Every structure is written in C-alpha cells, then in structure tokens.
Enquirer: 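Please read through the structure below; I'll follow up with questions.
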Amino acid sequence: MDFLRPETVVDLRNIRNVLIRMEDTIVFNLIERAQYPQQPSIYKKGAFNIPDFDGSFLDWLLREEEIVHAKIRRYQSPDEIPFFPNGLPDPILPEIEYPPVLFPHPNKVTVNDTIREFYTKDIVPRICISGEQEENLGSSSLCDVECLRSLSRRIHFGRFVAEAKFLTEREHMTALIKAKDIEGLDAAITNKAVEKQVLARLKLKAETYGIDPMTPNAPGKATKVDAEVVVEMYENWVIPLTKKVEVEYLLNRLEE
Ligand SMILES: O=C(O)C(=O)C[C@]1(C(=O)O)C=C[C@@H](O)C=C1
C-alpha cells in the first residue's frame, strides 16, 4: 500500500493485509504493557502536578508526543489521526502532497475518545496485575501511547475499507446512504467470515507471541499476555469500532 498511489489504498486485499500486519503490532504492544502493573495514577487527572495542562499524565504524554510527531508530519499521512488535534504545530519537514483517497472529509469521523476509554478502563485492568510501581510509571505510559496509537490506526483504517467498498458497490451504497439506512450500511459492510478469521488468527498470534518458543512447555511459565483478553478486545471493541467508522464515513460520503 502506497499513499502516493490511491489505487493501492482502496484495494480491499491490500487493506486486509495491512490490517493483518497491524495485529502483530497491537499484540506486541499489549505484551509490552502487560509486564507492568496497572499504574492507576497515570490515568487520574490531578495525580501529578503538570503545569498548564488539565488532564491525566497519559493525556499529557500523548499530547506532548503528538506535538513532536506533528513536526515530523505524522498527521499529514492519511492513516494517522491525532488524539489531540487542536493547535498542533506545522511540520518542520517539507509537506507531502498526498493525493486524496477519502471523500469529502478525510478526518471527520474519529473515535479516538472511545478508544482511550475502552483501552484504559477495560483492557489495562485485564492485561496488567493490579497495583502501582513507582519506578515504571514513565515506561508504562510510553507503552500506553504505543498501544493507543496502534489501536487508533487500525480502527480508523475503517475509512479506507469503507471507501474501497463504496467504489466497488457504488450504486447499492449510494442508495443506502441517501436513505440514511444505518442498518443497511452495517449489513453491507459486514463480512462475518472475515471477522471469524480475524479472531481465530489473533488468538493464535496472542498465544504464540506470548510464550518463549525455546521453552514453550516450561512449568509455571505464565504467558506474556492473556490471549482471551486480546481476542475479546477485538470482538467487543476493535471490530465494532472499525465498523462504526466505516458506517459513519459512508454516511458523510456524498456530502459536497
Ligand atoms: O475486512 C473487512 O471487510 C472489514 O470491514 C474489516 C472488519 C474488521 O474490523 O476486521 C470489519 C467488518 C467486517 O465484517 C470484517 C472485518
């Protein structure tokens, strides 16, 4: 997939291959986070004294990283959506003129707030042991940023999936969009067989990457991340939110 060649971006086979690669990144990011305890203070507004910032330590770190990444033009790339889009600086590197692939508002649909919610409230407590480890507060929040960024990129890829599906089924989709038929759109973008495959592959990946391949059967060795949680995260959050992004993108697709 090459964002300078739009025809490669709206090719459903290419998109699915990228989604499959992202599974690896997401599983490894969760494995990294799972080595530390939950660290509740990272997520609590007011737990640390942060000058000129009204939010949690994690929010602050996300925002600070996004400021740096904006300067290296991360958010010009069509597949990246910041968690804190307001007031980001211009890039220092020269701007890249990406040909448009999404229409008419590339970034109108974002579910980053929901991603932050489900990740911090539902996933962290299930993959990490409870408690706080003072010396690893920074490391844990850096892992959180990686997890959030990879989840956000995956879920917002729904926009490309939706555009690809729109282009191959333009007439049917146009009728559904004009009728504002949300259920019809949801049914049109759903492919249950692919979802089943995603979940089965993910289970295998989480189980496989979570053990030492040299001593897979060593007694008493815990896996590095609970595969069931990873699968349930996809089932309950990642796939439904990807579909929500797809449907919302389509609902706006015909606007001038
Ligand atoms: O691959 C697709 O067709 C997608 O729309 C992506 C995805 C997913 O999130 O993995 C979402 C909806 C489909 O039912 C199947 C899979």
Side-chain angles (χ1 to χ4, degrees), residues 1-3 6-30 78-81 101-103 106-119 122-123 147-177 181-209 225 227-254:
M1 184 179 291
D2 175 355
F3 284 103
E7 71 280 7
T8 67
V9 181
V10 287
D11 176 328
L12 198 49
R13 258 179 327 171
N14 286 350
I15 294 173
R16 288 195 178 132
N17 283 335
V18 178
L19 294 181
I20 290 170
R21 261 189 125 265
M22 283 192 246
E23 292 164 5
D24 300 357
T25 311
I26 289 170
V27 172
F28 279 113
N29 286 340
L30 292 173
D79 57 336
E80 299 276 0
I81 298 187
V101 241
L102 299 171
F103 304 92
N107 284 0
K108 187 162 176 178
V109 184
T110 89
V111 291
N112 271 338
D113 287 348
T114 315
I115 295 172
R116 220 155 29 124
E117 280 286 302
F118 88 72
Y119 172 76
D122 189 31
I123 306 308
C147 287
L148 287 169
R149 195 179 284 139
S150 53
L151 286 166
S152 172
R153 181 164 178 260
R154 195 289 177 192
I155 289 166
H156 290 106
F157 240 68
R159 296 169 304 151
F160 304 115
V161 181
E163 180 64 19
K165 290 178 179 173
F166 177 80
L167 294 177
T168 51
E169 280 184 77
R170 195 183 265 270
E171 244 174 75
H172 179 48
M173 293 282 190
T174 300
L176 292 169
I177 296 166
D181 184 350
I182 294 175
E183 272 176 32
L185 283 169
D186 189 74
I189 54 110
T190 296
N191 185 328
K192 279 283 166 205
V194 171
E195 289 185 25
K196 257 177 98 172
Q197 256 177 10
V198 170
L199 295 176
R201 194 177 43 241
L202 205 67
K203 180 168 185 292
L204 209 56
K205 284 183 177 177
E207 285 171 353
T208 310
Y209 303 160
V225 68
E228 204 172 299
V229 177
V230 180
V231 174
E232 282 177 20
M233 177 183 79
Y234 259 68
E235 206 169 8
N236 299 335
W237 296 108
V238 176
I239 294 176
L241 283 172
T242 304
K243 289 163 76 163
K244 183 181 155 94
V245 166
E246 290 186 42
V247 171
E248 299 236 335
Y249 172 81
L250 288 169
L251 285 171
N252 294 303
R253 178 61 175 78
L254 301 176

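For clarity, every value in this text was computed on a predicted model and none was experimentally measured. For ligands, and for the atoms within them, numbers begin at 1 and follow the listed sequence.
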Enquirer: Would you mind running through ligand 1 and noting each atom that sits below 4.0 Å from a heavy atom of E246?
Expert: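 The atoms of ligand 1 under 4.0 Å from a heavy atom of E246 are 4 (C), 5 (O), 6 (C), 11 (C).
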Enquirer: How far is atom 1 (O) of ligand 1 from its nearest protein heavy atom, and which residue and atom name does that atom have?
Expert: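 Closest protein heavy atom to atom 1 (O) of ligand 1: R16 NE, 2.7 Å.
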Enquirer: For ligand 1, which atoms have a heavy atom of T242 less than 4.0 angstrom away?
Expert: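 Selected atoms, number and element: 9 (O).
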Enquirer: With a 3.5 Å distance limit and no angle check, can you tell me whether S152 reaches the backbone of L148 through a side-chain donor-acceptor pair?
Expert: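 The answer is no, because no donor-acceptor pair under 3.5 Å joins these two groups.
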Enquirer: Ignoring hydrogens and angles, tell me if any N or O in the side chain of Y249 forms a donor-acceptor pair with the backbone of F103 under 3.5 Å.
Expert: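 Yes, the answer is positive, given that a donor and an acceptor are paired below the 3.5 Å cut-off.
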Enquirer: Please verify whether a non-hydrogen atom of K244 lies at under 4.0 Å from ligand 1.
Expert: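 No, K244 has no heavy atom closer than 4.0 Å to ligand 1.
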Enquirer: Carefully, step by step, assess T174 and R253 under the rule side-chain contact (heavy atoms from CB on, under 4.5 Å).
Expert: CA-CA 9 Å; T174 300; R253 178 61 175 78; over 6 Å; no
Enquirer: Using a 6.0 Å cut-off, check whether atom CD of E228 has over 12 heavy atoms from anything other than its own residue.
Expert: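 No.
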Enquirer: Considering only heavy atoms, does I189 approach ligand 1 within less than 4.0 Å through its side chain, its backbone, both, or neither?
Expert: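 The part of I189 near ligand 1 is the backbone, not the side chain.
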Enquirer: Which ligand 1 atoms are under 4.0 Å away from a heavy-atom of K243?
Expert: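 The list of qualifying atoms is 11 (C), 12 (C).
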Enquirer: Which atoms of ligand 1 have any heavy atom of T190 under 4.0 Å away?
Expert: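 Matching atoms, with element in brackets: 14 (O).
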Enquirer: On the 0 to 90° scale, with breaks at 30° and 60°, tag the F3-F157 ring pair as parallel, tilted or perpendicular.
Expert: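 Taking F157 first and then F3, their aromatic rings stand perpendicular (interplane angle over 60°).
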Enquirer: Taking atom CZ of R201 as the centre, does the number of heavy atoms from other residues, nucleotides or ligands within less than 6.0 Å exceed 12?
Expert: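 It does: R201 CZ has more than 12 such atoms within range.
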Enquirer: Indicate yes or no for a side-chain donor-acceptor contact from N14 to the backbone of M1 under 3.5 Å, with no hydrogens or angles considered.
Expert: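 Absent.
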Enquirer: Give the residue, atom name and distance (to 0.1 Å) of the protein heavy atom nearest atom 14 (O) of ligand 1.
Expert: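 So the nearest neighbour among protein heavy atoms is E195 OE2, 2.5 Å.
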Enquirer: Among all the protein's non-hydrogen atoms, which is closest to atom 9 (O) of ligand 1, and how far away is it?
Expert: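 Of the protein heavy atoms, R154 NH1, 2.8 Å lies nearest.
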Enquirer: If we only count N/O pairs under 3.5 Å, is K192 in contact with ligand 1?
Expert: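 Not met; the criterion fails.
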Enquirer: Can you list the atoms of ligand 1 that are under 4.0 Å from a heavy atom of V194?
Expert: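 Result: 1 (O), 15 (C), 16 (C).
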Enquirer: Numbering the atoms of ligand 1 from 1, which are under 4.0 Å from a heavy atom of K165?
Expert: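 Listed by number with element, the hits are 2 (C), 3 (O), 4 (C), 5 (O).
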Enquirer: Flag yes if more than 12 heavy atoms outside I182 fall under 6.0 Å of its CD1 atom; otherwise flag no.
Expert: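 Result for CD1/I182: open.
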